[in-house]
Amino acid sequence: MPELPEVENYKRYIDQTCLKQKIIEMDCRDDRLLKQPKSDFEDVLINEEFTQTERIGKYLFVKTTSEKVLVLHFGMTGRPHYYSCEDNRPKYAHIQLSFDNGYHFGFENKRKFGWWNLTDSVDIFKKENNLSDDARELNFEDFKTSLSSRSTDIKKIIMDQSVCAGVGNWMADDILYQARIHPEHKVEDMSDTELKAVFDAMKNVIEVAIDKEAHYADFPDYFLIHNRKDGGVCHHSGCDIEKIKVGGRTTYFSPEWQKKPH
DNA sequence: CGTTATGTTTCACT
DNA sequence: CAGTGAAACATAAC
């Protein structure tokens, strides 16, 4: 599930449940989810506390009372869960921290594309991993700068985490639908007006989705997400929504509403 | 059985 | 070195 709005939800959930409690145990059922040896995590987590969180795109940084920052990525099928006893541990909570109040923090990850890492600081991690500013904070000038010298489909570009941190597959489709831009439009062929339309649509998708707590059913009717499926119909033109592959990812768009560039 | 899934990383090639 | 595209990764659900 997690793109920017979902991870923002997770951040708020963790802020409300997991801060300022002593961590007494860490359990991991599959070390492939850990980008450092398990003992490194234990060294900086056991007997320490979460103090605050910070989100950039789909990456969630958890600051602690130790000198290290925990980095969480949820992959395609991740979510956090906070529960009171071991019996309530979700089936796919492959990693679990236990607090001294008897509660647990479970990192659910059905498909195991998510992971944990450690870093010295958010800024260092951001630079080392070539992450852009969070898409919610990004300004239009920086957006345009990172597009210059790029030459591929606009959809691939806005899903590039070094361009717009936080945009994923469903958001990219909705952004381009709302901006009325064909997903295969090449960035180098796009005018400033078109780029601004994409940028503005991105901001709108983010703010609405966060406001609705990423609950798709509550999104306005003009969001593609309601018709982002086989058999879907364009809210504006009434035509059938088409499904294609762009950059290897399934892409839904309206051939009438998002005209192909000539 | 084959296909698909809301993501990132790696690698070969330009 | 920088940018691109395709493949790889692991697993469940339809």
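Reminder, nothing fancy here: chain letters follow the sequence lines and each chain counts from 1.
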Aromatic plane relationship, A/Tyr177 with A/Trp257 - under 30° parallel, 30 to 60° tilted, over 60° perpendicular: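 Ring orientation, 0 to 90° scale: tilted.
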Please produce a list of atom pairs where a protein N or O lies less than 3.5 Å from an N or O of nucleotides 10-14 of chain B.
none

Dot-bracket encoding of pairs in DNA chain C, which uses [ ] for pseudoknotted crossings and | for another strand, Watson-Crick or G-U under 3.5 angstrom: .||||||||.||||
Value in whole Å for how far the P atom of B/dG7 lies from CG of A/Leu72: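 Nearest whole value for this atom pair: 17 Å.
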Nearest-Å distance for atom pair CE/C1', residues A/Met171 and B/dT6: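 Rounded to the whole Å, the gap is 11 Å.
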Pair A/Gln21-A/Asp100, side-chain hydrogen bond (donor to acceptor under 3.5 Å, both in side chains): steps then yes or no: CA-CA 7 Å; A/Gln21 300 163 47; A/Asp100 66 352; over 6 Å; no
Value rounded to 0.5 Å, distance of CD in A/Glu188 from OG in A/Ser151: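 The CD atom of A/Glu188 sits 5.0 Å away from the OG atom of A/Ser151.
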Could you go over nucleotides 1-4 of chain B and give all protein N or O partners under 3.5 Å, atom names and distances?
none

Which pairs of donor and acceptor atoms, one on a side chain in residues 22-32 of chain A, lie under 3.5 Å apart (sequence neighbours left out)?
from	atom 1	to	atom 2	distance (Å)
A/Asp27	OD2	A/Arg89	NH1	2.9
A/Asp27	OD2	A/Arg89	NH2	3.0
A/Arg29	NH1	A/Lys91	O	3.4
A/Asp30	OD1	A/Arg32	N	3.0
A/Asp30	OD1	A/Arg32	NE	3.0
A/Asp30	OD2	A/Arg32	NE	3.2
A/Asp30	OD2	A/Arg32	NH2	2.6
A/Asp30	OD2	A/Lys112	NZ	2.8

Pair A/Tyr216 and A/His226, ring centroids less than 6.0 Å apart: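 Ring centres of A/His226 and A/Tyr216 not closer than 6.0 Å.
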is_close_aromatic(A/Tyr82, A/Tyr103), centroid dist under 6.0 Å: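 So the answer is yes for these two rings.
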Side-chain heavy atoms of A/Leu118 within contact of A/Val69, under 4.5 Å: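 Counting from C-beta outward, A/Leu118 and A/Val69 never come under 4.5 Å.
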Flag side-chain contact, heavy atom, 4.5 Å: A/Ile210 against A/Leu4: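 A side-chain contact under 4.5 Å exists here.
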Residue pairs fulfilling side-chain hydrogen bond (donor to acceptor under 3.5 Å, both in side chains) with at least one residue in residues 230-241 of chain A, sequence neighbours excluded: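 Passing the test, one end in residues 230-241 of chain A: A/Asp230-A/Lys243.
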Any idea which of [options] is nearest the [X] side chain?
X	options	result
A/Ser151	C/dG3, B/dT6, B/dT8	C/dG3
A/Lys58	C/dG5, C/dA12, B/dT8	B/dT8
A/His73	C/dT4, C/dA13, B/dG7	B/dG7
A/Ser149	C/dG3, B/dT6, B/dT9	C/dG3
A/Gln161	C/dA12, B/dT8, B/dT6	B/dT8
A/Tyr59	B/dT8, C/dT4, B/dG7	B/dT8

Any residue of residues 106-113 of chain A with a heavy atom less than 4.0 Å from an atom of DNA chain B: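 Per residue number, the list reads A/Arg111, A/Phe113.
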Proximity to DNA chain B (any heavy atom under 4.0 Å), residues of residues 126-133 of chain A only: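 None - not one residue of the stretch has a heavy atom sitting under 4.0 Å from the strand.
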P-based separation of B/dC11 from C/dA10 [nearest Å]: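 Nearest-Å result for C/dA10 against B/dC11 at atom P: 14 Å.
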Separation of the P atoms in B/dT3 and C/dA7, to the nearest angstrom: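 Comparing P positions in B/dT3 and C/dA7 gives a spacing of 15 Å.
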With sequence neighbours excluded, residues passing ring pair (Phe, Tyr, Trp, His ring centres under 6.0 Å) with A/Phe74: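 Scan of A/Phe74 (ring pair (Phe, Tyr, Trp, His ring centres under 6.0 Å), adjacent residues dropped) gives A/Tyr10, A/Phe107.
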Non-neighbouring partners of A/His94 that pass ring pair (Phe, Tyr, Trp, His ring centres under 6.0 Å), sequence neighbours left out: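 Counting only residues at least two positions away or on another chain, A/His94 forms no ring pair (Phe, Tyr, Trp, His ring centres under 6.0 Å).
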All pairs passing salt bridge (Lys or Arg N to Asp or Glu O under 4.0 Å) where residues 205-219 of chain A contributes a residue, at least two apart: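 Applying salt bridge (Lys or Arg N to Asp or Glu O under 4.0 Å) to every pair that reaches into residues 205-219 of chain A, excluding sequence neighbours, yields A/Arg136-A/Glu207.
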Of all pairs that satisfy salt bridge (Lys or Arg N to Asp or Glu O under 4.0 Å), the ones with a partner from residues 137-149 of chain A, not counting sequence neighbours: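 Applying salt bridge (Lys or Arg N to Asp or Glu O under 4.0 Å) to every pair that reaches into residues 137-149 of chain A, excluding sequence neighbours, yields A/Lys144-A/Asp192.
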Indicate every side-chain donor-acceptor pair of residues 56-66 of chain A with a distance under 3.5 Å to a residue at least two apart or in another chain.
from	atom 1	to	atom 2	distance (Å)
A/Lys58	NZ	A/Val167	O	3.2
A/Lys63	NZ	A/Glu54	OE1	3.1
A/Thr64	OG1	A/Ser66	N	3.1
A/Thr64	OG1	A/Ser66	O	3.4
A/Thr64	OG1	A/Ser66	OG	2.8
A/Thr64	OG1	A/Lys68	O	2.9
A/Thr65	OG1	A/Glu48	OE1	2.6
A/Thr65	OG1	A/Glu49	N	2.8
A/Ser66	OG	A/Val44	O	3.0
A/Ser66	OG	A/Lys68	N	3.3

Short side-chain N/O contact from A/Thr77 to OP1 or OP2 of B/dT6, under 4.0 Å: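 No.
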